[in-house]
A.B. asks: 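The structure that follows is given in the form of structure tokens.
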Amino acid sequence: MDKKLPTEPYKGVRDFYPEDMAIQSYIFNTWKKTVETFGFERYDASILEPADLYKSKGAVNAEMVNDQTYTFIDRGEREVTLRPEMTPTVARMVAGKHRELSFPLRWYSIPNLFRYERAQRGRLREHWQLNCDIFGIEHYTADVEIIALAHQLLIDFGATPDMFEIQLNNRAEMSQIFAGLGITEPEVINEITRLNDRKKKITTEEYETALLSIVGDTALVNQIQEKLNCQNDTNEVLEGLKTLGINNVKIDRTIARGFDYYTGTIFEIVDTDPSNNRSMLGGGRYDNLLKMFKDESVTGIGFGMGDVTMRDFLETHNLLGAHITKTAPTLVIIPTDSDRNLDSQKIAHLFRQREVKVSVDLSNKKIGKKISDAVNRGATFALIVGPDELNSGNFTLKNLAFETEESGTIDTLLTYLISHTT
RNA sequence: GCGAUCAUCGUAUAACGGCUAAUACUCCGGUUUGUGGUACCGGUAAUCAGGGUUCGAUUCCCUGUGAUCGCCCCA
């Protein structure tokens with residue numbers, strides 16, 4: 001009679017059942033570990049931000065703000081947006097304590113971000129993204145450092161350098177290249193940049209036709225292509241990375257990046273496997289982001305890397321598997337019947353005080369079933385608790401992996417268990 | 001926002017327009033009233049929603065919903 005609710009999650013977002021959460025935790029933990037070896041500190045903020053943070057001029061690309069954010073009016077008639085990216089938030093936080101913070105900063109966060117878009121491979125409406133930024137260093141070695149971190153992140157998941165490629169570009173250098181060709185109008189540069197971004201997806205003919213319709217001059221079309229194809233291009237960031245032993249990197253003049261706030265280095269890391277031919281990570285340098293909040297400016301460079309694309313990468317290259325561990329209890333206490341549940345819970349407390357992970361099987365299944373359930377859950381030990389054991393004080397601890405048993409008082413078994421777990 | 005493909009037990013698959021919609025795994029129970037994953041036996045459980053064509057629709061058509069893949073954009 002009454003209509004039941006669907007059990008599916010909201011469109012484009014995920015439920016994390018324990019087996020998914022195990023993967024998610026592995027990704028987050030690995031991120032955290034690597035990033036902290038680079039001396040980064042963690043911060044976070046609310047998922048809610050005033051809509052103005054994204055709307056103010058030149059903050060981000062207009063399409064994303066207008067068409068791809070979750071924006072609503074709250075009960076106090078404030079316009080609120082679910083954060084679609086973290087950079088404006090961290091810029092706001094840095095600007096807010098500009099005078100108190102001791103630069104340079106190395107900050108990271110793993111926020112969940114929301115974008116209202118059509119879900120597809122590697123793109124969902126909610127994703128988590130590792131965000132790393134260095135604030136307050138103009139020197140190019142900050143660019144090198146942040147890209148070296150991005151590189152190391154993948155290495156620490158077990159990736160080898162042939163599995164991915166770092167693609168570098170520089171907004172300032174692009175402006176110079178265009179200026180050298182006599183192209184100075186920002187509108188035209190913008191159009192060419194957007195076209196370049198799509199270059200790998202379209203044919204050379206399509207590219208040339210589109211480029212011609214922008215610049216209206218065949219000679220110029222050829223000159224632009226020549227500049228873009230220059231394989232020998234290098235810069236100090238590229239050389240710096242090579243000095244650090246990072247060689248799967250190249251200059252790619254078609255790298256564009258969507259956000260308007262980038263002013264210098266921009267980079268992406270792409271999967272070299274053709275079946276997962278996507279950008280997994282992207283970032284760049286921004287000089288003017290704090291100007292929204294203050295007259296003073298602080299330069300920053302950072303990147304974001306998504307959990308969805310990360311998982312796709314790890315699955316594509318078979319880098320998950322052995323790393324994923326379910327959180328199983330070490331010990332399952334098995335009462336022979338429900339009347340022994342409380343006695344069992346009391347015993348469990350003794351083990352928990354010694355930091356043993358214990359669950360008590362409170363079901364009314366038969367003992368054999370409870371034991372096989374414990375095995376299936378991945379427990380290492382099982383302890384049977386029944387009237388005989390409680391009366392005599394003599395218990396049996398089963399080692400489920402080796403199919404051995406140990407008898408004794410709770411105290412001796414506790415000592416035994418602790419000495420047999422690492 | 002646009003385009004393509006798809007939608008069957010909890011999961012993965014099967015069924016020419018025609019028998020009670022099948023099989024495997026999972027789950028539950030039993031063989032075994034207090035002790036292990038196996039084996040054997042049994043059980044629960046599905047045609048996304050609404051309309052149309054037809055004697056008859058899981059199958060064909062339309063609409064909606066959802067998913068996947070691509071475009072746009074981006075992690």
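Here is the naming used below: chain letters follow the sequence lines, and residue numbers restart at 1 for every chain. These values consider heavy atoms only, across backbone and side chains, with no hydrogens, waters or symmetry-generated copies.
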A.B. asks: Which part of the nucleic acid, if any, lies within contact of A:Arg198, taking any heavy atom under 4.0 Å across all strands shown: a base, the sugar-phosphate backbone alone, or nothing?
C.D. replies: sugar-phosphate
A.B. asks: Answer yes or no: is there an ion pair linking A:Lys369 with A:Asp373, defined by an N-O contact shorter than 4.0 Å?
C.D. replies: yes
A.B. asks: Hey, where does RNA chain B pair up into stems, meaning at least three consecutive Watson-Crick or G-U pairs with distances under 3.5 Å?
C.D. replies: B:1-7 with B:65-71, B:10-13 with B:22-25, B:27-31 with B:39-43, B:48-52 with B:60-64
A.B. asks: With RNA chain B as reference, determine whether A:Tyr10 or A:Gln129 sits nearer its 5' end, using the nearest nucleotide of each.
C.D. replies: A:Tyr10
A.B. asks: Give me the distance, rounded to whole Å, that separates B:U58 from B:G52 when you measure between the P atoms they each carry.
C.D. replies: 15 Å
A.B. asks: Using whole Å, report how far CZ of A:Phe114 lies from P of B:C73.
C.D. replies: 24 Å
A.B. asks: What interatomic distance, in whole Å, is found between P of B:U20 and the corresponding atom of B:G29?
C.D. replies: 33 Å
A.B. asks: Reckon A:Met280 touches a base, only the sugar-phosphate, or nothing at all at heavy-atom distances under 4.0 Å?
C.D. replies: sugar-phosphate
A.B. asks: Between A:Tyr116 and A:Arg125, is there a cation-pi geometry (under 6.0 Å to ring centre, at most 45° from the normal)?
C.D. replies: yes
A.B. asks: Could you tell me the separation between the CD atom of A:Glu85 and the C1' atom of B:C73, rounded to a whole number of Å?
C.D. replies: 13 Å
A.B. asks: So among A:Trp31, A:Phe16, A:Phe114, which one has a ring pair (Phe, Tyr, Trp, His ring centres under 6.0 Å) with A:Trp128?
C.D. replies: A:Phe16
A.B. asks: Do nucleotides 26-39 of chain B as a string where each nucleotide becomes B, S or -: B if the base has a protein heavy atom under 4.0 Å, S if just the sugar-phosphate does, - if no protein is that close.
C.D. replies: --S-SSS-BBBB--
A.B. asks: Run the salt-bridge test on A:Glu389 and A:Arg340 with the 4.0 Å N-O cut-off and return the result as yes or no.
C.D. replies: no
A.B. asks: Roughly how far apart, to the nearest Å, are B:A49 and B:A39 at atom C1'?
C.D. replies: 44 Å
A.B. asks: Between B:G17 and B:U53, how far is it from one C1' atom to the other, in whole Å?
C.D. replies: 11 Å
A.B. asks: I want to check one thing: is the phosphate of B:C73, taken as OP1 and OP2, less than 4.0 Å away from some side-chain N or O of A:Arg194?
C.D. replies: yes
A.B. asks: Between B:C73 and B:G3, how far apart are the C1' atoms? Round to whole Å, please.
C.D. replies: 16 Å
A.B. asks: Check the distance between B:A75's P and A:Asp307's CG and give it to me in whole angstrom.
C.D. replies: 14 Å
A.B. asks: Before accepting this row, confirm whether a basic side-chain N of the pair A:Arg14/A:Asp307 lies closer than 4.0 Å to the acidic partner's carboxylate O.
C.D. replies: yes
A.B. asks: Tell me the interatomic distance from A:Asp197, atom CG, to B:A75, atom P, rounded to whole angstroms.
C.D. replies: 10 Å
A.B. asks: Using the P atom in both, what is the distance from B:U31 to B:A45, to the nearest Å?
C.D. replies: 23 Å
A.B. asks: For A:Gln120 and B:C71, what is the distance between atoms CD and P respectively, to the nearest whole Å?
C.D. replies: 7 Å
A.B. asks: Atom CD of A:Gln24 and atom C1' of B:A75: how far apart are they, to the nearest Å?
C.D. replies: 13 Å
A.B. asks: When rounded to the nearest Å, what value does the distance between C1' atoms of B:A14 and B:A22 take?
C.D. replies: 6 Å
A.B. asks: Does any part of the side chain of A:Asp20, heavy atoms only, come nearer than 4.5 Å to the side chain of A:Asp15, both counted from C-beta?
C.D. replies: no
A.B. asks: Reckon A:Leu130 touches a base, only the sugar-phosphate, or nothing at all at heavy-atom distances under 4.0 Å?
C.D. replies: nothing
A.B. asks: Got a donor-acceptor pair under 3.5 Å from the side chain of A:Glu117 to the base of B:A75?
C.D. replies: yes
A.B. asks: What's the gap between B:C6 and B:A12 when it is taken at their C1' atoms, as a whole Å value?
C.D. replies: 16 Å
A.B. asks: Round to a whole Å and report the spacing from OH of A:Tyr54 to P of B:C73.
C.D. replies: 21 Å
A.B. asks: Taking CZ in A:Arg352 as the centre, count heavy atoms belonging to other residues, nucleotides or ligands within less than 6.0 Å. Is the count above 12?
C.D. replies: yes
A.B. asks: Do A:Lys199 and A:Asp252 pass the salt bridge (charged side-chain N to carboxylate O under 4.0 Å, His left out) test, and can you show the C-alpha distance, the side-chain angles, and the key distance before you say yes or no?
C.D. replies: CA-CA 11 Å; A:Lys199 192 169 188 288; A:Asp252 185 332; over 6 Å; no
A.B. asks: Without decimals, in angstroms, what is the distance between A:Phe28 CZ and B:A75 C1'?
C.D. replies: 13 Å
A.B. asks: Using atom types as modelled, flag every donor-acceptor pair under 3.5 Å from a side chain in residues 153-163 of chain A to any protein atom, sequence neighbours excluded.
C.D. replies:
unit_1   : atom_1 : unit_2   : atom_2 : d
A:Asp156 : OD1    : A:Gln152 : NE2    : 2.8
A:Asp156 : OD2    : A:Thr34  : OG1    : 2.7
A:Thr160 : OG1    : A:Asp162 : OD1    : 2.6

A.B. asks: Check this for me, if you would: do A:Arg83 and A:Asp44 make a salt bridge, where the nitrogen-to-carboxylate-oxygen distance has to be below 4.0 angstrom?
C.D. replies: yes
A.B. asks: Do A:Asp133 and A:Tyr286 have a side chain donor and acceptor closer than 3.5 Å?
C.D. replies: yes
